[in-house]
Amino acid sequence: MPITILPPKAFRDQPPRHSLNHDSDDVMSDATSDSEDSDSQPGGVSLDGGATIHPRKRHRSGAGAAASSTFTKRPKTNAAINSIPRSAIVTPGERITTDPQWMRGHGTYLSSASLGEQAITSSLAGIVTRTNKLLSVRPLRARYTPEVGDLVVGRIVEVQAKRWRVDVGSTQLAALPLSAINLPGGILRKRTETDELQIRTFFAEGDLVVAEVQQLFQDGGAVLHTRSLKYGKLRNGVFMAVSGTGGGGGVVRSRRQVWTLESANNGGPIDVILGVNGYVWISKHVEPVVPEEAKGQTGITNLEEVVSATMYSSQNDRIEPETMREIARIRGVVTALVENGLRVDEDMVTKGYNEAVELALVSADGPEDVYLGGERGEQLAAALTAV
Amino acid sequence: MPREAEPSANEKAFLLKALQDEQIRLDGREFDQYRPLELTFGDEYGVANVSLGKTKILAKASAEVTVPFADRPLDGIFTIATELSPMAAPHFEVNRPTETEVLLSRLLEKTVRRSGALDTESLCLVAGQKCWSVRVDVHVLSHDGNLTDAACFAVVAALRHFRKPDTSMENGVLTVYTPAEREPVPLGWLHSPFCVTWSFFGEEGETALLDADWMEEQVRVASVTISLNRHGEICQIAKLGGVPVEAVALLQCTSVALTKVKEFSTYLDDKLAEDAKRRDKGGFMAELRAENDRIVG
Amino acid sequence: MPLDTSAYSLALLRVDGRRWNELRRIHAQIRTQAAADGSSYLEMGHTKVMCVVNGPSEPGPRRGATSGGGGGGGQSKNAEVAVNIVIAGFSSVDRKRRGRGDKHILELQSTISQALAASLHTHLFPHSTINISLHVLSQDGSLLAALINAATLACVDAGIPMTDYVAACTAGSTSTYAANDEGADPLLDMNHQEEQELPGLTVATLGDSDRVAVLVCESRVQVSRLEGMLAVGVDGCKQVREILDRVVREKGIKMIQEGTVERGVGLNDMELD
Amino acid sequence: MAATVPAPSLSFSRPTFAKLSPHPYLLTNLTDPENPCRTNGRAPHEARPVHIHTSSLAHANGSALVRTGDTTVVCGVRAEILPVTNIPQYRPREPSYGEEDNDDSADVDELKDYDLLVPNIELATGCAPQFLPGVPPTTLAQTLSTRIYSLLHSCKVVDPKGLRVWYTPPKETREEGAMEVDEAQEEEEEEEERKPELKAYWVLYIDLLFVSFDGNPFDAAWTAVMAALRDTKLPQARWDPDREAVVCSRSEEAKMALDVRGLPVACTATVFLEKEHGEDSGSSAERKSRHWILLDPDRLEESLCKETVTVVVDCSGEETKVKSIEKHGGTVIGRELMRGFIGVAEGRWQEVKEASK
Amino acid sequence: MATVTPEASLNALPRADGSARYSYAGYTVTASVNGPIEAQRRDEHAYEAHVDVIVRPSAGVGGTRERHLEFILQSSLSQIILVKNFPRSVIQIVLQVESTPENAYVNTKLVQASLNLPIIPALFQTAVLALLSAAVPMKATATSTVVAVVSDDGSKKIVADPSPQDIREATSLHVLAFTSHDELLLSESEGDFTVKEWDGVYENAQKICCQTASKQDGIDMVLDDDASSPDMRHFLRSTLETKVASDLHWK
Amino acid sequence: MSSESPLVVLPGETIDPSLIPTHKKNPLRLGPGLRHIPPSEIVPTVAGQLVVDHRKTSMWIEYNGGRYIPSQGDLIIGQIARSATDFYYVSLSPYTPNATLPHLAFESATKKTRPQLASGELVYARVSLANRHMDPELECVNSSTGKADGLGPLKDGMVFDVSLGFARRLLMAKSREEGKVEVLEALGEEGLAFETAVGRNGKVWVGSESVKTAVMVGRALRETDEKGLGVEAQRKLVKKLVREMR
């Protein structure tokens with residue numbers, strides 16, 4: 001009995017998007033590609049090694065302007081599709097170089113080549129990137145690998161004496177020390193024994209947090225902190241997991257991981273948090289309630305004083321159906337992006353959302369229709385990549 | 001359950017150094033040398049006591065009449081039971097099989113049962129109704145590495161030494177005779193397979209040892225168990241993962257294994273002959289002694 | 001009994017019309033499950049298996065207590081490779097139910113786990129676990145080989161660092177152990193019928209080296225024929241590796257085209273600067 | 001902060017004291033100057049009264065419900081036909097076993113080898129907290145079934161003759177010398193040439209189910225087994241040569257009672273020692289230490305005692321017959337105490353005999 | 001071919017803390033003792049060591065009767081071990097039956113449900129020897145024996161260490177164990193007997209288990225007149241003396 | 001066996017009071033294998049040879065075998081199981097609860113300078129606390145002097161398991177005269193360079209530049225122990241080993 005499994009959606013008919021800086025690359029790649037294999041045509045080779053170490057920078061330039069630039073040169077890139085040389089991808093066990101001038105980075109290992117010379121060999125399927133003399137392989141896809149400064153969404157899985165263990169979709173659980181959170185009563189407050197005793201009152205198993213990676217252990221484990229108003233317990237919204245920056249689409253590091261989006265059909269403002277680790281939180285936007293007397297002197301400290309009261313509540317506020325609907329719609333957008341292998345960042349989500357609203361209008365039951373799966377999803381993606 | 005003991009970092013490092021730099025084993029054996037193998041038979045038929053260095057195994061064969069499986073009415077039933085008790089090591093729990101136990105029983109299964117060493121058709125008494133169920137219980141008394149080879153040897157020895165009660169069929173009535181009525185009869189035996197296990201050490205498993213003891217087993221990076229009979233027939237090969245080893249090396253291992261198997265084979269034959277002689281001589285005496293017991297108690 | 005495969009000697013063609021050294025059609029995909037960290041689907045002839053990999057990830061508190069059996073989990077310095085195999089009832093002609101404790105399946109699981117652990121760089125993921133779960137949809141011989149290949153692909157897809165592909169296939173010999181003719185030809189990649197009637201073995205190698213990670217022979221055969229079978233098997237593994245590698249590359253290139261990944265330095269660009 | 005727990009003293013309410021430190025609690029009760037008694041109010045040698053109801057189950061061939069204090073057991077006996085062809089190791093009985101002296105032992109083999117008596121004990125009914133439903137049988141359950149099983153055989157309670165189903169074929173001679181003897185015992189007026197064949201056996205499935213559990217399970221269980229067996233009636237069964245099967249008559253009056261030999265009664269006690277934890281005393285000191293023998297212990301007492309003794313006696317005959325002694329877990333009960341205890345058991349026998357009327 | 005006098009070898013299993021192989025009257029049993037070792041939570045006791053006894057038949061899987069034997073041995077052995085010295089730990093005793101006396105006149109089933117008194121002394125004695133070889137601190141040693149009451153033509157006679165055939169014909173069967181302080185540690189009887197018979201049995205068993213030459217010079221001791229069965233306590237002692245001697249050869 | 005017939009005792013046997021040493025001032029000291037039951041009973045708990053030392057008014061049972069039971073002051077060789085916040089868990093023998101070794105219980109150890117030990121490494125330590133109700137505690141420093149006296153981490157080398165009795169003999173002040181062990185000396189005389197550390201828990205650590213030497217020492221120790229060799233036999237054994245290893 002022949003059984004078939006649908007391969008993940010691919011856009012044979014869709015041209016790939018290109019970011020501005022690729023143009024410049026193409027020139028170079030022309031020069032280079034001739035020297036390698038004849039059949040290689042300008043395929044948007046990114047020789048910009050720097051790009052890989054400063055991902056944010058590239059995306060800033062990329063994400064922002066991609067839209068306008070992408071569609072201008074469809075004909076050209078169409079030709080380029082089937083012509084990306086095999087060498088663009090390295091696979092496990094493949095020798096990258098035996099040239100001793102290079103140093104091995106992530107995703108590579110040293111294997112003994114002929115007569116005792118060491119070869120830098122790939123241990124992953126991915127693309128070779130280099131920083132000065134450091135060669136590494138970025139996997140096509142992998143679990144999230146934390147970096148200091150990442151904004152992540154996580155789930156508390158274990159409560160220990162002085163710290164929480166948090167699932168951030170990495171290979172190991174991250175640690176959130178009790179000392180690294182804002183305690184009610186302001187940042188200046190000292191940590192006390194009682195705090196340790198009632199540690200569960202801050203975060204308990206299953207709670208969701210948005211936090212920042214503060215430091216890394218040798219073995220790659222991450223230590224988080226929530227010492228800022230932006231961070232802390234998550235309420236009033238919906239959680240979803242898409243693949244993270246380990247590679248292969250999903251959430252990418254970009255200018256803003258967190259923003260408030262003014263939703264259509266009077267859904268009101270909605271917060272979107274794209275955790276770099278691929279965990280996403282979409283929730284109703286709640287203004288910090290600032291009582292009258294505080295209005296006068298707006299000192300950040302006593303603002304916190306006030307806010308911190310509600311900081312660790314697990315109670316949802318009242319959420320209007322409209323808002324819920326729009327939250328659902330945004331969620332649909334993100335899912336659609338991922339299913340169609342598009343990158344997930346502020347720009348794409350915002351544009352996607354607007355598209356989705358449009359789609360809803362033309363559909364039978366108007367704005368109530370939030371369905372964005374299957375066909376609709378493809379439509380949406382198409383709309384985003386085409387004019 | 002209590003934790004299994006791991007050798008210390010120092011011991012691991014030292015053992016490897018000794019093997020790879022100096023080509024010596026801690027007990028001074030050659031790389032392809034077995035620990036002294038000893039086999040003794042009990043008073044009853046089908047009990048084999050095997051010791052391989054500090055590894056000690058007891059195998060007991062037994063048989064009783066039962067109903068054959070529906071799907072194989074013409075075959076008898078043959079089972080090899082290998083349950084590791086805390087006697088082998090405190091971390092083994094009764095009726096909670098560990099991976100060690102599963103792999104061991106699979107190896108014996110493939111080596112002895114699936115290779116057709118025992119003629120199961122000869123165990124059928126009344127097609128679809130009655131047959132012999134032959135069972136070998138493998139008891140690990142002391143675990144100092146290389147259970148497989150020792151256990152396999154013990155099983156084969158026990159089965160070849162075993163005698164099952166004699167039977168007769170007359171007008172549809174099956175009679176199973178007691179030892180007193182008729183001398184029990186041996187099993188239908190076709191060939192004697194033996195296991196030889198190689199252990200590999202080092203980055204690329206370049207160093208190979210025969211009959212690793214427990215310490216060596218804890219440090220090895222891969223192992224292969226080759227089962228052969230003296231006619232040079234492979235009954236089973238199992239290299240179940242572990243560090244990859246050069247194909248050529250495996251071929252060499254196999255040819256060495258064959259010579260070892262031939263040694264096992266002859267050793268077992270001698271022992272069986274020896275035991276047979278003993279019984280034959282003691283036959284009368286035994287009767288006498290048995291009598292005494294009954295009177296004196 | 002007369003063997004169907006005995007016809008071989010006449011036309012030098014096997015029951016399914018292959019020559020002695022031909023692989024069956026191998027079809028494979030990766031990234032078949034969006035939810036998993038890595039996944040694959042693989043067909044070798046009519047043997048069809050799918051694989052899902054999750055991890056490396058650290059087991060939560062409660063599970064952490066129970067793990068540690070497979071020489072990993074908990075506090076270990078290396079990641080534990082936990083393999084779970086489910087054989088569908090409809091996968092073979094006679095539907096036999098296999099229980100949890102089925103020793104044969106346990107053996108397969110441990111074999112695959114040990115084979116991959118030797119290639120995967122588990123030392124990079126202390127006290128975490130890599131969960132590999134395999135589903136057998138259809139069996140027509142070379143099951144273990146198919147499972148290993150599928151698992152390897154899924155691990156590559158999951159982006160778990162490894163020394164090289166672990167590629168597997170089977171090899172056999174054209175006449176039964178009884179017939180002790182030296183003239184017996186080796187056969188590559190056996191189907192179910194051949195496995196039933198002829199001696200054979202499963203071999204898995206690391207990358208395109210001659211280094212054997214797995215060698216399993218479960219049938220009686222003259223020792224003299226081992227070398228031939230092993231040689232053919234090892235060669236077969238190299239072919240299989242090429243096929244798996246192609247699958248991965250094509251997927252990767254597709255992803256570049258889709259823009260989900262941006263291109264890096266081509267290999268040969270290295271020499272430029 | 002947790003309040004500091006005051007040292008256990010009699011200022012506690014009795015139940016609290018009992019929960020906190022059962023051993024001293026029982027001890028203080030037993031050493032109470034005015035009326036020394038057990039926590040359950042019984043005197044050391046006082047057993048709980050027995051209540052027996054029989055044939056309360058419709059579908060069982062025999063049944064009984066036994067209650068002693070809060071320990072309640074239901075026992076059902078069900079008889080099923082087992083054709084000899086279904087017994088793998090069945091073997092026509094040899095002439096040598098026909099002789100009288102051997103006969104008994106031969107019978108025992110018959111019952112044992114063909115498993116004609118199958119007791120089974122179910123404790124996991126939620127009858128007591130320590131037995132969780134849905135888990136493999138506890139050691140206690142396994143031990144109990146072993147004890148019941150072997151007592152059934154060692155007491156020769158059931159006569160195997162009553163379990164055999166014979167068939168006498170119409171005129172034709174077969175070489176079955178073995179049967180002549182038994183046949184003589186079976187039916188009187190038999191012509192010589194018609195040789196009956198043993199075609200099948202009755203198998204008795206004896207299922208015990210604990211409804212509630214408050215210590216001393218064995219005595220209750222055994223009493224229930226005996227009562228149920230004495231209540232058991234087997235239907236008339238004959239071999240139908242055409243159908244090659246055994247057929248039973250439905251008629252009630254055709255049923256005949258199983259013949260059960262004697263009335264063995266089990267009597268259990270535990271030994272309660274003065275000291276609980278703390279240092280092991282030396283041999284000599286131990287002999288000096290005080291102890292009480294508690295008859296028919298309840299759950300609390302069982303949990304506090306290590307040494308137990310069970311004696312099975314049958315006083316049906318003129319002389320008291322001891323059927324079984326089981327004593328382990330301590331060194332208090334020696335020869336004299338054992339003698340004395342057998343006396344106690346005789347007393348218990350009377351009680352049970354009364355109850356089973 | 002039953003051994004007429006008991007034989008024992010200690011520390012037969014090199015990797016266990018202590019072990020013994022004991023054979024007598026057709027029974028051969030090997031025992032290993034490990035402990036005190038860390039107890040699993042389920043059998044951890046705050047005040048004393050848990051004595052874990054496992055009985056494994058030579059053929060077939062252990063069933064209810066093995067559980068029963070384990071229960072009897074466990075409760076008796078924990079009486080002579082200084083369990084209070086090792087709280088929260090377990091002392092693990094595994095008893096492997098190697099061979100049992102064959103009865104040439106019957107083919108017995110593999111798995112038997114009824115309790116198996118005659119094997120108890122062999123198991124018990126092996127366990128005690130193994131405990132001693134493992135140097136597990138004990139209050140006392142103990143010895144055990146089995147006797148049968150056989151009726152030959154009317155008059156009852158007591159047979160020590162009966163053969164299977166005797167047992168088939170016996171009217172009652174008794175197992176008794178005594179501590180080295182002559183206390184009755186274990187008494188299991190089945191069959192059909194009177195109090196008077198049991199008294200006889202008791203005396204006989206006590207003779208076998210308890211009486212021995214003066215402890216100071218255990219080597220030369222007087223065997224009691226009827227050599228029907230040996231003096232277990234003396235046997236125990238001489239076995240241990242040889243062990244100690246070989247252990248302390250350097251003294 | 002020895003000339004004067006040694007007095008072998010079994011658990012629970014009564015010891016002839018005449019044997020119990022008495023002294024006006026210093027009290028009776030009971031060694032291993034004996035327990036005192038008030039008022040005046042002294043009972044052996046293991047099978048062994050009763051040894052009475054009238055000068056020191058002490059008595060104990062000399063025996064071999066069994067599992068190591070920690071007792072205060074013992075020198076042991078332990079294996080680091082894992083590290084907690086301020087102490088190491090150390091395994092003394094398989095399947096027994098780990099002992100604890102404070103991070104600061106090393107010579108001149110401070111939060112900064114304390115030795116970093118990974119799991120699987122070995123330490124030579126002294127049992128500083130042992131009682132039935134607590135897991136044992138260890139130290140690698142003499143708390144009074146603050147000196148290590150040879151205690152601390154053991155680098156490289158090899159560990160060999162020996163019987164407890166043999167370990168005790170090796171640890172005797174005059175192991176040669178009292179313990180009758182001469183292998184080590186004999187090996188030394190053969191010009192082999194090696195160092196040893198003996199753990200009461202039946203472990204001997206052997207360090208040497210040459211792997212061969214270490215192996216040889218190990219085998220010599222094991223055989224002497226297992227075969228129960230006398231002084232002469234030990235010397236023979238050493239000769240033999242040296243011959244076959246060179």
Side-chain angles (χ1 to χ4, degrees), chain B residues 1 3-4 6 71 82 91 95-107 109-111 114-117 191 193 204-206 218 221-229 231-255 257-258 261, chain C residues 68-71 74 81 83 94 96 101-119 144 148 163-164 166 177-178 180 199 201-207 209-227 229-231 233-235 237:
Chain B
M1 83 171 70
R3 274 165 274 86
E4 188 172 356
E6 264 242 327
D71 55 343
T82 52
H91 68 267
N95 58 49
R96 188 187 291 180
T98 58
E99 193 178 40
T100 330
E101 184 175 325
V102 170
L103 296 185
L104 173 62
S105 74
R106 275 291 295 168
L107 274 170
E109 179 85 3
K110 290 190 276 187
T111 306
R114 293 194 43 182
S115 77
H191 72 112
E204 308 207 326
E206 54 273 20
Q218 284 169 299
V221 292
S223 74
V224 60
T225 300
I226 305 164
S227 309
L228 299 137
N229 59 23
H231 318 300
E233 284 167 353
I234 295 172
C235 300
Q236 173 278 136
I237 301 179
K239 181 183 185 302
L240 309 177
V243 162
V245 178
E246 287 297 333
V248 188
L250 288 173
L251 289 174
Q252 289 158 353
C253 291
T254 317
S255 53
L258 183 52
V261 164
Chain C
V81 182
V83 178
D94 54 344
K96 72 164 79 82
D102 183 300
K103 292 211 167 107
H104 180 237
I105 292 184
L106 291 175
E107 185 188 43
L108 287 176
Q109 290 176 172
S110 131
T111 306
I112 294 166
S113 157
Q114 296 300 320
L116 286 169
S119 175
L144 175 56
I148 291 175
T163 310
D164 204 327
V166 180
Y177 77 91
N180 185 1
L201 49 75
T202 302
V203 51
T205 60
L206 182 68
S209 72
D210 285 352
R211 295 177 54 208
V212 177
V214 175
L215 175 59
V216 177
C217 168
E218 301 193 335
S219 47
R220 251 168 105 178
V221 58
Q222 280 296 329
V223 73
S224 54
R225 283 194 244 160
L226 177 63
E227 183 164 4
M229 286 160 53
L230 191 53
V234 168
D235 177 68
C237 292

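All values reported here derive from a predicted model rather than from experimental measurement.
Taking B:Gly241, B:Pro244, B:Cys235 one by one and counting their heavy-atom pairs under 4.5 Å with chain C, the maximum is reached by B:Pro244.
For C:Leu230, the part lying near chain B is the side chain, with the backbone staying farther off; criterion is any non-hydrogen pair under 4.5 Å. In this structure, the portion of B:Ser105 lying under 4.5 Å from any heavy atom of chain C is its side chain and not its backbone. Interface remark: B:Ala222 contributes no atoms to any contact with chain C (heavy atom separation under 4.5 Å). Both the backbone and the side chain of B:Val102 have a heavy atom closer than 4.5 Å to some heavy atom of chain C. The contact between B:Leu228 and chain C is made entirely by side chain atoms (from C-beta outward), counting heavy-atom distances below 4.5 Å. Only the backbone of C:Ser219 comes within contact range of chain B, with heavy atoms under 4.5 Å apart. Looking at B:Glu109, neither its backbone nor its side chain comes within 4.5 Å of chain C, counting heavy atoms on both sides.
To the nearest 0.5 Å, atoms OG1 (B:Thr82) and NZ (C:Lys103) are separated by 5.0 Å. Of the inter-residue distances, the one linking C:Leu108 atom CG with B:Leu240 atom CG reads 9.5 Å to the nearest 0.5 angstrom. Here the CG-CG distance, from B:Leu250 to C:Asp210, works out to 11.0 Å after rounding to the nearest 0.5 Å. Expressed to the nearest 0.5 Å, how far CD of B:Glu206 lies from CZ of C:Arg211 amounts to 8.5 Å. In this structure, the separation between OG1 on C:Thr205 and CD on B:Glu246 is 10.5 Å, given to the nearest 0.5 Å.
B:Lys110 places a side-chain heavy atom less than 4.5 Å from the side chain of C:Glu107. At a threshold of 4.5 Å between non-hydrogen side-chain atoms, the residues B:Leu251 and C:Glu227 count as touching. B:Asn229 is listed as a side-chain neighbour of C:Arg220, based on a closest heavy-atom distance under 4.5 Å.
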B:Ile234/C:Val223 under side chain to side chain contact (heavy atoms under 4.5 Å, CB included): CA gap, chis, key distance, verdict: CA-CA 6 Å; B:Ile234 295 172; C:Val223 73; 4.0 Å; yes

Test C:Leu226 against B:Ile237 for side chain to side chain contact (heavy atoms under 4.5 Å, CB included), laying out the working first. CA-CA 10 Å; C:Leu226 177 63; B:Ile237 301 179; 3.9 Å; yes

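The shortest heavy-atom contact between C:Val216 and B:Lys239 is CG2-O, 4.4 Å. Here the closest non-hydrogen pair linking C:Ser110 and B:Glu99 is CB-OE2, 2.8 Å. Nearest heavy-atom pair across C:Gln222 and B:His231 is OE1-O, 4.0 Å. Heavy atoms only, all atoms of each residue included: B:Gly242 and C:Ala118 are closest at O-CB, 3.4 Å. Looking at every heavy atom in both residues, B:Ala247 comes nearest to C:Val234 through CB-CG2, 4.3 Å.
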